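Take a look at the structure below.
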Amino acid sequence: MAYSISNSSFLLSRPSPCHKTSLTATSHSFLSLHSASTARQFSSLSAARIRRGRVCAAVAIEKEVPENERPETFLRSADPAAVSTSVRARFEKMIRDVQDEVCAALEAADGTGKFKEDVWSRPGGGGGISRVLQDGTVFEKAGVNVSVVYGTMPPEAYRAAKGNAGADNGGAKAGPVPFFAAGISSVLHPKNPFAPTLHFNYRYFETDAPKDTPGAPRQWWFGGGTDLTPSYIIEEDVKHFHSIQKKACDKFDPSFYPRFKKWCDDYFYIKHRGERRGLGGIFFDDMNDYDQEMLLGFATECAKSVVPAYIPIIEKRKDTPFTEEHKVWQQLRRGRYVEFNLVYDRGTTFGLKTGGRIESILVSLPLTARWQYDHQPEVGSEEWKLLDACINPKEWL
């Protein structure tokens, strides 16, 4: 039996008011787009508090305001980095261009489906654009979201994330740490079991010096990746996808593809199942050990590679004949997708724990999924081959 999860509700325990910590995360999509780094910061912070006997923290999320039109930029007018030549401005332009390109390509491939768009802003600055195509001819559900956000994090989180680099200056007491984050995040779930699911996410994060701590270092980093989750292995498709990822990586550093492929295999691991979510791709996080311009170029190249990596596969497989048995297996694999996102994905779990906008946080989930008691594919079957590749990651190139 397939279960609809698009309208699931979740009961979250609310922290008690003791030792309240305020995070003004000026974006609901921040919780899913940028939390790979930030969720780890707050996990470290929470662990430190538990060790000190302080076991609770509250995070305040500023409510979004619906907008009727897309602004030219979500950068604050008073932001010194709002000039078009800044990394902030160029990254925002890149992710918005990619959102337009990907959505146009998906609508063309679908034929009938159209994206619903929600534009929103925050009183304190920043905002985002959420787009979802649902129940199309080709796509069951496709979400492509961008956000540009401003906020503050507690100084403890800053120090937990950056070690000595985030230490107080000269013993002065640090105040809240202002941050900026921008990113694009997308998950695409086709209807046909022979057409793979795709996920991609590219983000940029900056912190300013903590308030009341002159001279403390600013920090910045990039993160992201693109990964493929098929229900059936069509080797030609998987090789095409990985070849595009390698091509993007090799333009900047030949060590990137093998390094980031392994990182992807390790990150998308469903520990309680002992298997990966899919057949991998690339994944990287906290990247600031190269020139900033080089990494901006690398993130741009990767994001621009989504359409050539994915659309040719969709065009080949969207009309492939399939049986009810094929659909059942796809739904079982979708169940694994749900398990990873709700149990292990740092962005999703952080968002659920901190009261973010549920529709944006859970946009990655498929409309339907399936859990069947003790399902075991027949050894040697096509389903078994997919499961074996998820348990034992392969080199596709």
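Keep in mind that what you see is a predicted model, and the values were worked out from it rather than measured. Position 1 is the first residue of the sequence, and the numbers go up from there.
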Kindly indicate whether the side chain of [X], heavy atoms from C-beta on, has any atom under 4.5 Å from the side chain of [Y].
{"X": "E67", "Y": "W120", "result": "no"}
{"X": "M287", "Y": "W221", "result": "no"}
{"X": "N201", "Y": "I184", "result": "no"}
{"X": "F194", "Y": "P230", "result": "no"}

In the hydrophobic clustering that connects Ile, Leu, Val, Met, Phe, Trp and Tyr at side-chain heavy-atom distances below 4.5 Å, which members other than [X] occupy its cluster, ordered by chain and number?
{"X": "I244", "result": "none"}
{"X": "V379", "result": "W384"}
{"X": "V187", "result": "Y337"}

D110 and K191: CA distance, side-chain angles, deciding distance, salt bridge (charged side-chain N to carboxylate O under 4.0 Å, His left out) verdict:
CA-CA 10 Å; D110 191 276; K191 290 184 174 180; over 6 Å; no
Can we say E117 and R131 salt-bridge, meaning some charged N sits less than 4.0 Å from an Asp/Glu carboxylate O?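 The answer is yes: the pair qualifies as a salt bridge.
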Quiz prompt | Charged N-O contact under 4.0 Å between E275 and R333 | solution =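 Answer for the salt bridge query: yes.
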Geometric class of the [Y]/[X] ring pair [parallel <30°, tilted 30-60°, perpendicular >60°]:
{"X": "W263", "Y": "F260", "result": "tilted"}
{"X": "F340", "Y": "Y267", "result": "perpendicular"}
{"X": "Y344", "Y": "H272", "result": "parallel"}
{"X": "F252", "Y": "F298", "result": "perpendicular"}

Nearest atoms (heavy-atom pairs only) where [X] meets [Y]:
{"X": "V238", "Y": "L228", "value": "CA-CD2, 4.4 Å"}
{"X": "Y310", "Y": "P190", "value": "OH-CG, 3.2 Å"}
{"X": "V138", "Y": "A109", "value": "CG2-O, 3.5 Å"}
{"X": "G281", "Y": "C264", "value": "N-SG, 3.4 Å"}

[X]: salt bridge (Lys or Arg N to Asp or Glu O under 4.0 Å) partners, not counting sequence neighbours:
{"X": "D250", "value": "K246"}
{"X": "D253", "value": "none"}
{"X": "K247", "value": "none"}

Checklist line | salt bridge (charged side-chain N to carboxylate O under 4.0 Å, His left out): pairs with one or both residues in residues 219-234, sequence neighbours excluded | finding: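 Those involving residues 219-234 are D227-R277.
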For this session: State whether the number of non-hydrogen atoms from other residues, nucleotides or ligands found under 6.0 Å of N68 atom CG is greater than 12.
Result: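 Counting other residues, nucleotides and ligands, CG of N68 stays at 12 neighbours or fewer.
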### Query
Is there a chain of hydrophobic side chains (I, L, V, M, F, W, Y, each step under 4.5 Å between heavy atoms) that links V65 to I129?
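Each belongs to a different hydrophobic cluster.
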Could you pull out every donor-acceptor pair under 3.5 Å between side chains of residues 86-93 and any protein atom, sequence neighbours left out?
unit_1	atom_1	unit_2	atom_2	d
S86	OG	A81	O	2.4
S86	OG	V83	O	3.0
S86	OG	A89	N	3.1
R88	NE	E206	OE1	2.8
R88	NH1	D79	OD1	3.4
R88	NH1	D79	OD2	2.7
R88	NH2	E206	OE1	2.8
R90	NE	T85	O	3.1
R90	NE	S86	O	3.4
R90	NH1	E293	OE1	3.0
R90	NH2	T85	O	3.4
R90	NH2	E293	OE1	3.4
R90	NH2	E293	OE2	2.5
E92	OE1	T73	OG1	2.6
E92	OE2	F74	N	2.7
E92	OE2	R96	NH1	3.3
K93	NZ	D97	OD2	2.8

Under 3.5 Å, sequence neighbours excluded: what are the donor-acceptor pairs made by side chains of residues 301-308?
unit_1	atom_1	unit_2	atom_2	d
E301	OE2	K251	NZ	2.8
K304	NZ	E101	OE2	2.7
S305	OG	E301	O	2.7

Could you list the residues that satisfy side-chain hydrogen bond (donor to acceptor under 3.5 Å, both in side chains) with [X], not counting sequence neighbours?
{"X": "S77", "answer": "none"}
{"X": "K114", "answer": "none"}
{"X": "E235", "answer": "K239"}

*Should E324 and K327 be marked as a salt bridge (charged side-chain N to carboxylate O under 4.0 Å, His left out) after you check the CA-CA gap, both sets of side-chain angles, and the distance that decides it?*
CA-CA 5 Å; E324 181 61 28; K327 192 67 179 176; over 6 Å; no
Which distance, rounded to the nearest 0.5 Å, do you find between the OG of S231 and the CG of L387?
->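 One finds 12.0 Å between OG of S231 and CG of L387.
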The single option from R370, H189, E339 passing side chain to side chain contact (heavy atoms under 4.5 Å, CB included) against R334: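 Going through the options one by one, the only one that passes is H189.
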Name of the residue among F284, F256, F222 meeting ring-ring contact (aromatic ring centres under 6.0 Å, His included) with Y290 |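 Checked F284, F256, F222 against Y290; only one passes ring-ring contact (aromatic ring centres under 6.0 Å, His included): F256.
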request  = Would you please indicate if the ring centroids of F205 and F180 are separated by under 6.0 Å?
outcome  =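 Between F205 and F180, the centre distance exceeds or equals 6.0 Å.
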